[in-house]
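Computation of the quantities below employed the complete heavy-atom set of this structure, encompassing side-chain atoms and omitting hydrogens, waters and symmetry-equivalent molecules.
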Amino acid sequence: MATARTPARGAAAESGSGLACYASSAERSRGRRHPEPPPRRRGPFQRDRDRIVHSAAFRRLEYKTQVFVNHEGDLFRTRLTHTIEVAQVARSIARALRLNEDLAEAIALAHDLGHPPFGHAGQEALHGCMREYGGFEHNLQSLRVVDELEERYAEFRGLNLSFETREGILKHCSAATAAELGELGQRFLDGTQPSLEAQLVNLADEIAYVCHDLDDGLRARMIEIEQAAAVAQFGDIHAEVCRRYPKLPARRQVHEVIRRLVGHLIGAVIEASEAELARLQPRDADAVRAQPAPLVGYGEARAAVAALKRFLMGSVYRHFRVQRMSAKAAQVIERLFAALLEDPGLLPPAEQERLRHLEALTGDSGRARAVADYIAGMTDRYALLEYRRLFDPVERS
């Protein structure tokens, strides 16, 4: 569907004054899928942010796993707290680079709306279930949520977000999928780039999960700080904290190291991106999109981030406690999917209606997609409840 270009008379209300020439501008937005009168006292990207925050999908993030399921403890990150942290990092970088903070925040708040329950284990299980029907990828599902699945407005399905926010949600997709997305997918076919705001959110997401998964791994005693200190960047910061505060209690020491690590990576992105933008001097946002590679990056800090990610993969994500949770999560999702696909009558009435509609359009693929939509929208605890309802003979329906 072609994007409707609607004027942005509310743009003056945005944090748009003083933007760099290559920042995304509300006045030059490519508009929305469905034409709407512009907001009177907000810019279009502020409207996007507000719609995202008020959506049901955003509220459900509170009870979706980041790494540890909710019953592991109250202090571990959830998908919602991760999202808020990504938005904070994104705004910090956007402000320093004189980019559009409102757009960066909107993209950050929406980037995980399509994530299924049980974190990456849930995504892998659902992708396996959907392999014969087009697969499942949470970025595409996030776009599907904001374009189709949210039901709040009288005149259109979804949230009807601006092109620029939708572009930022879609981090990657196959050529076949891109061809079906029209203007939104064209960059994947042309090898061009999204906006700078979209680029920085990708790194803000990475900074947030690397630093805070380390924090949660230490809190859960899956790793000890001495193990993490063997990784170069973490170790350098840890040594400095120990020198300056030799009597600091262990928990405060960890927090001090993590906060400094976050600050270091944010600073690295700002410095490297400033240098690249100064070198290339793009004249506007379209010149940014025409580049063959992203302009926002880590610079020399990329190696440190890669080392931290390798450490997390080996020491946290593959820890036996996480692996056990992942195995149980896969079983829950696979059994739910199989049962609901075989007998759609087990779905709630509204979901049955959606399934019939999609099945009429695309046959078995539509039927499977409706089941995947239903499961992806579940929180961890609702998925477990549905599992008990379907497979525990003494559980009430």
Side-chain angles (χ1 to χ4, degrees), residues 1-62 80 83-114 142-143 145-170 183-184 194-201 204-205 284-286 288-289:
M1 178 184 292
T3 304
R5 298 176 186 268
T6 54
R9 291 194 298 271
E14 280 194 301
S15 59
S17 58
L19 290 182
C21 62
Y22 37 71
S24 295
S25 167
E27 292 90 338
R28 295 192 297 272
S29 172
R30 298 190 189 184
R32 304 177 187 274
R33 299 174 77 207
H34 309 283
E36 289 187 77
R40 294 180 58 193
R41 295 180 177 86
R42 295 175 295 171
F45 306 139
Q46 288 176 301
R47 171 185 267 178
D48 288 353
R49 177 202 61 203
D50 297 347
R51 287 181 174 180
I52 292 161
V53 168
H54 288 283
S55 68
F58 186 80
R59 292 195 298 275
R60 286 195 292 265
L61 294 177
E62 181 177 4
L80 178 62
T83 294
I84 294 169
E85 289 167 352
V86 174
Q88 179 268 317
V89 173
R91 288 198 72 127
S92 296
I93 298 171
R95 180 172 299 184
L97 296 177
R98 293 171 54 222
L99 302 179
N100 197 304
E101 289 184 53
D102 294 328
L103 175 57
E105 183 180 36
I107 295 169
L109 292 174
H111 84 283
D112 267 353
L113 290 181
S142 295
L143 184 65
V145 166
V146 302
D147 280 357
E148 300 291 338
L149 300 182
E150 279 289 322
E151 296 182 331
R152 300 181 62 83
Y153 299 97
E155 296 186 358
F156 48 79
R157 295 181 65 85
L159 303 180
N160 199 30
L161 304 182
S162 65
F163 173 90
E164 290 77 11
T165 300
R166 295 170 63 237
E167 173 191 52
I169 292 170
L170 193 61
E183 185 182 18
L184 194 68
S195 68
L196 290 170
E197 290 81 4
Q199 293 179 36
L200 74 86
V201 171
D205 182 22
D284 55 27
D286 288 337
V288 168
R289 288 189 166 88

Quiz item: Which atom pair, heavy atoms only, marks the closest approach of A90 to A108?
Solution: CB-CB, 4.3 Å

Practice problem: Calculate, to the nearest 0.5 Å, the distance between atoms CD1 and CD belonging to I84 and E62 respectively. | Solution: 9.0 Å

Quiz item: Can you name the nearest heavy-atom pair linking I52 to F58, along with the distance?
Solution: O-CB, 3.1 Å

Quiz prompt | Option passing side chain to side chain contact (heavy atoms under 4.5 Å, CB included) with L113 (candidates L143, I169, L61) | solution = L61

Quiz item: Are side-chain heavy atoms of R157 and D147 found at a separation under 4.5 Å?
Solution: no

Quiz item: When rounded to the nearest 0.5 angstrom, what is the spacing between CZ in R32 and CZ in R166?
Solution: 10.5 Å

Exercise. Please round to the nearest 0.5 Å and tell me the distance separating atom CG of L80 and atom CZ of R60.
Key: 12.5 Å

Quiz item: Between atom CG of D205 and atom OG1 of T83, what is the distance when rounded to the nearest 0.5 Å?
Solution: 8.0 Å

Quiz item: Rounded to the nearest 0.5 Å, how far does OG of S195 lie from CG of N100?
Solution: 9.0 Å

Quiz item: Backbone N or O of L184 within a donor-acceptor pair of the E167 side chain at under 3.5 Å?
Solution: no

Quiz item: Closest approach of A87 and E105, non-hydrogen atoms and distance?
Solution: CB-CG, 4.4 Å

Quiz item: Quick one: does V86's side chain get under 4.5 Å of D112's, heavy atoms only?
Solution: no

Quiz item: Any idea which heavy atoms bring R49 and A106 closest together, and the distance?
Solution: N-CB, 4.0 Å

Self-check item: Minimum side-chain heavy-atom gap R91-D102 below 4.5 Å
Solution: yes

Practice problem: Would you please say whether a donor-acceptor pair under 3.5 Å links the side chains of D48 and S162? | Solution: yes

Self-check item: For the student: nearest non-hydrogen atoms of S24 and E197, plus distance
Solution: OG-OE1, 2.8 Å

Self-check item: Ion pair R51/E36, N-O distance below 4.0 Å
Solution: yes

Practice problem: Please name all residues satisfying ring-ring contact (aromatic ring centres under 6.0 Å, His included) with F156, sequence neighbours left out, ordered by chain then number. | Solution: H34, Y153

Exercise. Enter the distance from E101:CD to S92:OG here, rounded to the nearest 0.5 Å.
Key: 8.0 Å

Exercise. Determine, step by step, whether R152 and H54 satisfy the side chain to side chain contact (heavy atoms under 4.5 Å, CB included) criterion, reporting the C-alpha distance in whole Å, the side-chain angles of both residues, the deciding distance to 0.1 Å, and the verdict.
Key: CA-CA 10 Å; R152 300 181 62 83; H54 288 283; 4.0 Å; yes

Quiz item: Can you name the nearest heavy-atom pair linking V145 to A57, along with the distance?
Solution: CG1-CB, 3.7 Å

Quiz item: Do NZ/NE/NH1/NH2 and the carboxylate oxygens of E164 and R28 come within less than 4.0 Å?
Solution: no

